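Report on the structure given below.
Values in this document were obtained by computation on a predicted structure and should not be read as measured data. In what follows, chains are A, B, ... by sequence order, proteins preceding strands, each numbered from 1. All heavy atoms count here, side chains included; hydrogens, waters and symmetry mates do not.
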Amino acid sequence: MSVYDHTKIEEKWLAKWEAEGLFQNTAQTDGAQNDQNKVYLLFAFAYPSGSGLHVGHVESKTALDILARFNRMNGKQVFFPVGWDAFGLPAENYAIKTGTPPAVTTKNAINTFRRQIKRLGISYDWDNELATSHPGYYQWTQWLFLQLYKKGLAYQGKGMVNWCPSCQTVLANEQVVNGQCERCGTEVIQKEMTQWFFKITDYKDELIAGLDQVDWPAATKQQQLHWIGKSEGAKVDFTLEAGSKSKQSRSLVCFTTRVDTIFGVTFLAISPEKFEEFELMELLTAEKQAEIKTYLEAASKKTEEERKIGEKDKTGVETGLFAMNPVNQEPIPIYLADYVLGGYGTGVVMGVPAHDARDYAFAQKHGIVVKRVIAPRVEAADQALSCPEPDYGIVVNSGEFSGLSSQEAMAAIPTAFPKAIEVATTYRLRDWLISRQRYWGAPIPIVYDPQGKPHPVKEEHLPWMLPTDVDFNPTGESPLKSSKEFVERTERLYGQGWRPEYDTMDTFVDSSWYYLRYADSRNEAEFASKEQLQKWLPVDFYMIGPEHIVLHLLYSRFFTKFLRDQGYLKFDEPFLKMRHQGMILGPDGKKMSKSKGNVINPDQIIEKFGADTLRMYEMFMGPIEADKPWDISAVAGIYRFLTRVHDRVLSGVDQTPTNSETTKAVRQKLHQTLKKVTEDIPALKFNTAIAALMGLMNSWDEGSVKSGAVLPAKDRVFVAQMFAPFAPFLAEELYQTLVQAKRSVHLQSWPAFDPELVVAQTTIIPVQVNGKVRSRIAIESSLVDNQAEILARAKTAEGVARWLADKKIIQEIYVRGRIINLVVE
RNA sequence: GGCCCGAUGGUGGAAUUGGUAGACACGCAGCACUUAAAAUGCUGUGCCUUAACAGCGUGUGGGUUCGAGUCCCACUCGGGCCACCA
């Protein structure tokens, strides 16, 4: 028997599998038509960063690989593709710094990742590998844009956008984090530009409803819901006062979720973004006009961060105008205030300082009356308000509605004023801004005629190639403007004076449909054939980091629903089941980062201990979804374990198997372990499956050393097969050494446990007296249903009698095969 | 501020979903082997106390139950996401 030489073993089998093309070219396989029999496993699309594979990637890839191998061994047709989210800012920023074209850095990074992932033994199907920066891929990203354009779901709009001065590009609202650019952390400012949008809001209700169809973590669904932000309330029409010099009757419409507080309205506030739309300027005194202009200008220059400071300091300007409260005809003063958001609701709010914290703060600052219309929860009813009380309760000071509950009032008030108040719903979700003033992305397939009118690029001109004669250095304008070839191409194909769209698409567009392309990644005629989509989609299991919960999923679901409506897909939701992996933390318990110097390099671990050890260690660390700190001595422990497995399985192979009681006990343990592992893998409980394998080896070692137990070859093969999903290299080595088979262990069937062997002969049942364990009795397993006999034995069991002496038993509980509890007075 | 998740030995974690708390592993201690060390093997290891029995013990306080790490109520701490969304 040889020693466990992990490097030799792993490199040997890696080369063999590669030569055989194991698990390659699976997309086109027949036999996957049956839904019951196909399993599509998907790993979150990865950005090939220059720093290579991270131990965090290893965890989720290994988890999926275990599922892939286990499902294959159980007779499923498994589709386990791989690809690269290759467009994006880091490669472009690197190009700006070094002059190396993004295409080159990206290719190098992909090569590194590919080598590392293969070395790990991840059984991806590399024949379907794709990269979003490849024209054969982005041609179909552009095609998707054109389909949306045809249906009016891709449109050009002008508006205030988030602008990152460092990245020199527009950001989606979703990419602004705490007023800062998600990528580089620079303070984001507001800028007005013409941009392309996808009309995701057309699908807002379906994006909510579809969540009922999928098996996702509840928290993830909740975040999707929150992002869509459906909010039910009412729209209230406040008519401008005649006294406001208004010629015809005009009104300000507010959205509120608390129409029950409408008698408490003491001011209206308009957002700066929306102020001009209401055309109120002409109604104002010259003095007021000047004041308001100054305020509007200042507001437009504020960064997100500055507006946040306003959370404490609520600024605003009184317009001198009044509007009439429709429920009681009271004149309400109108203010301009930047705490009101332009993009939500109607951009106007009704201020109810008594029952809203923000309105209260504003009222305090501007000396506005606070009028309480919900009865206070606490007794001291006469006490003046010192803070707002936003709770629901009993409505007071509200005319005929006084005495109703908030809920009743919210129903009754709109009914009573049908002209001025209507029930309404608003959403937080806004259309998806996809234009980026960057180079390394898919060009938006639009050309402009000499009058500046946009036209779609003809489908026969796809892929609408990303030009290469480009100056990457940021100028505040799209880098594609520097390409001569791009303009020449446009004029040649569309005519003199025509110009291309210079912006590229948000990389989220690329990465929100890749799972469809995998099914037919080399198709040049369509984004994927209907047959291939039908065969593999939807995705059965998706493993994705918690950082992609909101946007990527929302956009992917939007594309899926759109393509379904166009007749390309037959399902509503792309990802049936999804789970999130946790984070692998540094040995110090903190998030790994270069600056902290706590980053673990998987290559070094593989060199020292092997890929099998790295895989098994990461699976053994704890539950897949938890954050776990790295522990190098525990890694060494796994290596010791695999060495023991190697030595034990291969030692004594030439000896005659024994049939002693010990051997039987070890074999029983083996089948119990097999049962446990078979149940744990589909439940993603890899850590306990490995613990069970360790328990088995402990029993086997002990049985061999102490009692000379020798297991038959058949059982040793079972062990090799059980290890196959976790430690594919070692498993192959053991299997091939034992049986010298032509076919890989990974092509064998998952072994079935012997149901008779799994059942224990005797069952240990703890005996409690008043809920405390005082003894344990061993019962023949055939007796577990004989309650009378078991209770009788329990009462006389050693250690129990003394607790029953002189006491009266008032209750006897027996839970079948589990526990006995004798309750005494 | 809102929502979500979590808290179990020195450490990572397990616990059949209300039924033996601490599986499995790391670490540590002792022993064996060795001239010595490493490696390996064996033994022990929740706390307190002991010769033993007993007692205590899953963040804190209460509750439901024959029985609570698990369910309910209140709180403390830690983490994540969102955040002036009317």
Is it the case that the side chains of [Y] and [X] hold a donor-acceptor pair, with the cut-off being a distance below 3.5 Å and no angle test?
{"X": "A:T257", "Y": "A:S231", "answer": "no"}
{"X": "A:H6", "Y": "A:Y639", "answer": "yes"}
{"X": "A:R644", "Y": "A:N698", "answer": "yes"}

Minimum heavy-atom separation for [X] and [Y], please, with both atom names.
{"X": "A:I374", "Y": "A:H355", "value": "N-NE2, 3.2 Å"}
{"X": "A:A709", "Y": "A:T662", "value": "CB-CG2, 4.3 Å"}
{"X": "A:V769", "Y": "A:V824", "value": "CG1-CG2, 4.3 Å"}
{"X": "A:N821", "Y": "A:N770", "value": "OD1-N, 3.5 Å"}
{"X": "A:A424", "Y": "A:K235", "value": "CB-CG, 3.6 Å"}

Write out a two-atom table: protein N or O, nucleotide N or O from nucleotides 53-57 of chain B, distance below 3.5 Å.
residue : atom : partner : partner atom : Å
B:C53   : O2'  : A:R802  : NH1          : 3.0
B:G55   : OP1  : A:R774  : NH2          : 3.3
B:G55   : OP2  : A:R774  : NH1          : 3.3
B:C56   : OP2  : A:K772  : NZ           : 3.0

Problem set entry | Geometric cation-pi criterion, A:K314 with A:Y339: 6.0 Å, 45° |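 Because its charged atom sits under 6.0 Å from the ring centre and within 45° of the axis, A:K314 does stack over A:Y339.
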
Exercise. Can a cation-pi geometry be assigned to A:K230 and A:Y427, taking NZ or CZ under 6.0 Å from the six-membered ring centre and within 45° of the ring axis?
Worked result: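 That pair does not qualify as a cation-pi contact.
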
Sticking with atom [atom1], work out how far [N] lies from [M], rounded to a whole angstrom.
{"N": "B:U34", "M": "B:A15", "atom1": "P", "result": "43 Å"}
{"N": "B:A68", "M": "B:G19", "atom1": "P", "result": "11 Å"}
{"N": "B:A23", "M": "B:U76", "atom1": "C1'", "result": "30 Å"}
{"N": "B:C56", "M": "B:A38", "atom1": "P", "result": "43 Å"}
{"N": "B:G12", "M": "B:G27", "atom1": "P", "result": "15 Å"}
{"N": "B:U8", "M": "B:G55", "atom1": "P", "result": "26 Å"}
{"N": "B:U60", "M": "B:G9", "atom1": "P", "result": "10 Å"}
{"N": "B:C28", "M": "B:G79", "atom1": "C1'", "result": "30 Å"}

Exercise. Are the aromatic rings of A:H671 and A:F753 close, with centres under 6.0 Å apart?
Worked result: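 That pair fails the under 6.0 Å test.
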
Show every donor-acceptor pair shorter than 3.5 Å between a side-chain atom in residues 615-632 of chain A and any protein atom, with sequence neighbours excluded, or say none if there are none.
residue : atom : partner : partner atom : Å
A:R615  : NE   : A:F726  : O            : 2.9
A:R615  : NH1  : A:D65   : OD2          : 2.9
A:R615  : NH1  : A:L120  : O            : 3.2
A:R615  : NH1  : A:G121  : O            : 3.1
A:R615  : NH2  : A:D65   : OD2          : 2.8
A:R615  : NH2  : A:P725  : O            : 2.9
A:Y617  : OH   : A:D631  : N            : 3.0
A:E618  : OE1  : A:E59   : N            : 3.1
A:D627  : OD1  : A:M583  : N            : 2.7
A:K628  : NZ   : A:E59   : OE2          : 2.3
A:K628  : NZ   : A:P623  : O            : 2.8
A:K628  : NZ   : A:I624  : O            : 3.4
A:K628  : NZ   : A:A626  : O            : 3.2
A:D631  : OD1  : A:S633  : N            : 3.2
A:D631  : OD1  : A:S633  : OG           : 2.9

The side chain of [X] lies closest to which of these nucleotides: [options]?
{"X": "A:Q223", "options": "B:A83, B:A14, B:C81", "answer": "B:C81"}
{"X": "A:N821", "options": "B:A83, B:G67, B:A86", "answer": "B:G67"}
{"X": "A:D338", "options": "B:C3, B:C84, B:A86", "answer": "B:C84"}
{"X": "A:Y344", "options": "B:C82, B:A86, B:U43", "answer": "B:A86"}

Exercise. Reckon A:V815 touches a base, only the sugar-phosphate, or nothing at all at heavy-atom distances under 4.0 Å?
Worked result: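 Base: the residue A:V815, judged by heavy atoms under 4.0 Å, touches a nucleobase.
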
For this session: Quick one: label A:K685 by what it contacts on the DNA or RNA (base, sugar-phosphate, nothing), any heavy atom closer than 4.0 Å.
Result: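 Sugar-phosphate contact only.
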
Exercise. Could you run down nucleotides 20-26 of chain B 5' to 3' and tag each one B, S or - for protein heavy-atom contact under 4.0 Å?
Worked result: B--BBSS

Problem set entry | A:V214 and its side-chain contact (heavy atoms from CB on, under 4.5 Å) partner, picked from A:K221, A:M578, A:R557, A:Q224 |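 It is A:K221; the other options fail the test.
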
Exercise. Do you know which of A:L614, A:T613, A:T643, A:D612 makes side-chain contact (heavy atoms from CB on, under 4.5 Å) with A:I638?
Worked result: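 Running side-chain contact (heavy atoms from CB on, under 4.5 Å) over A:L614, A:T613, A:T643, A:D612 with A:I638 returns exactly one hit, A:T613.
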
For this session: Would you classify B:U17 as syn or anti? Syn applies when the glycosidic angle is within 90° of 0.
Result: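 Classified syn.
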
For this session: Report the glycosidic orientation of B:G9: syn if within 90° of 0, anti in every other case.
Result: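 B:G9: syn.
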
Check the distance between [N]'s [atom2] and [X]'s [atom1] and give it to me in whole angstrom.
{"X": "A:F255", "N": "B:C84", "atom1": "CZ", "atom2": "C1'", "value": "16 Å"}
{"X": "A:I584", "N": "B:G13", "atom1": "CD1", "atom2": "P", "value": "11 Å"}
{"X": "A:M410", "N": "B:A86", "atom1": "CE", "atom2": "P", "value": "12 Å"}
{"X": "A:I624", "N": "B:C5", "atom1": "CD1", "atom2": "P", "value": "20 Å"}
{"X": "A:Q224", "N": "B:C82", "atom1": "CD", "atom2": "P", "value": "13 Å"}
{"X": "A:Y427", "N": "B:C82", "atom1": "OH", "atom2": "C1'", "value": "20 Å"}
{"X": "A:E59", "N": "B:G12", "atom1": "CD", "atom2": "P", "value": "16 Å"}
{"X": "A:F641", "N": "B:G41", "atom1": "CZ", "atom2": "P", "value": "13 Å"}

For this session: Please collect all salt bridge (Lys or Arg N to Asp or Glu O under 4.0 Å) contacts where either partner lies in residues 676-699 of chain A, sequence neighbours excluded, each pair once.
Result: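 Salt bridge (Lys or Arg N to Asp or Glu O under 4.0 Å) check on residues 676-699 of chain A returns A:K675-A:E679, A:K676-A:D680.
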
For this session: Could you label the plane-to-plane angle of the A:F723 and A:F641 rings as parallel, tilted or perpendicular, counting under 30° as parallel and over 60° as perpendicular?
Result: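 A:F723 vs A:F641 ring planes: tilted.
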
For this session: Enumerate the residues from residues 669-677 of chain A whose closest heavy atom to RNA chain B is under 4.0 Å, giving them by residue number; use none for an empty result.
Result: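 Those residues whose heavy atoms fall under 4.0 Å from RNA chain B, taken from residues 669-677 of chain A, amount to none.
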
Exercise. Taking OP1 and OP2 of B:A86, is either one under 4.0 Å from a side-chain nitrogen or oxygen of A:Y339?
Worked result: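 For A:Y339, the contact criterion (side-chain N or O under 4.0 Å from OP1 or OP2 of B:A86) is not met.
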
Exercise. When the nearest nucleotide of RNA chain B is assigned to A:D627 and to A:A219 on a heavy-atom basis, which residue is associated with the more 5' position?
Worked result: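 First, find each residue's nearest nucleotide; the 5'-ward one identifies A:A219.
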
Exercise. Of A:A626 and A:T256, whose nearest nucleotide on RNA chain B comes first from the 5' end?
Worked result: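 It is A:A626 whose nearest nucleotide is closer to the 5' end.
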
For this session: Treat a base pair as Watson-Crick or G-U wobble with both distances under 3.5 Å, then lay out RNA chain B in dot-bracket form, 5' to 3', with | for cross-strand pairs.
Result: (((((((..(((......[....)))((((((.......))))))((.......))..(((((..]....))))))))))))....

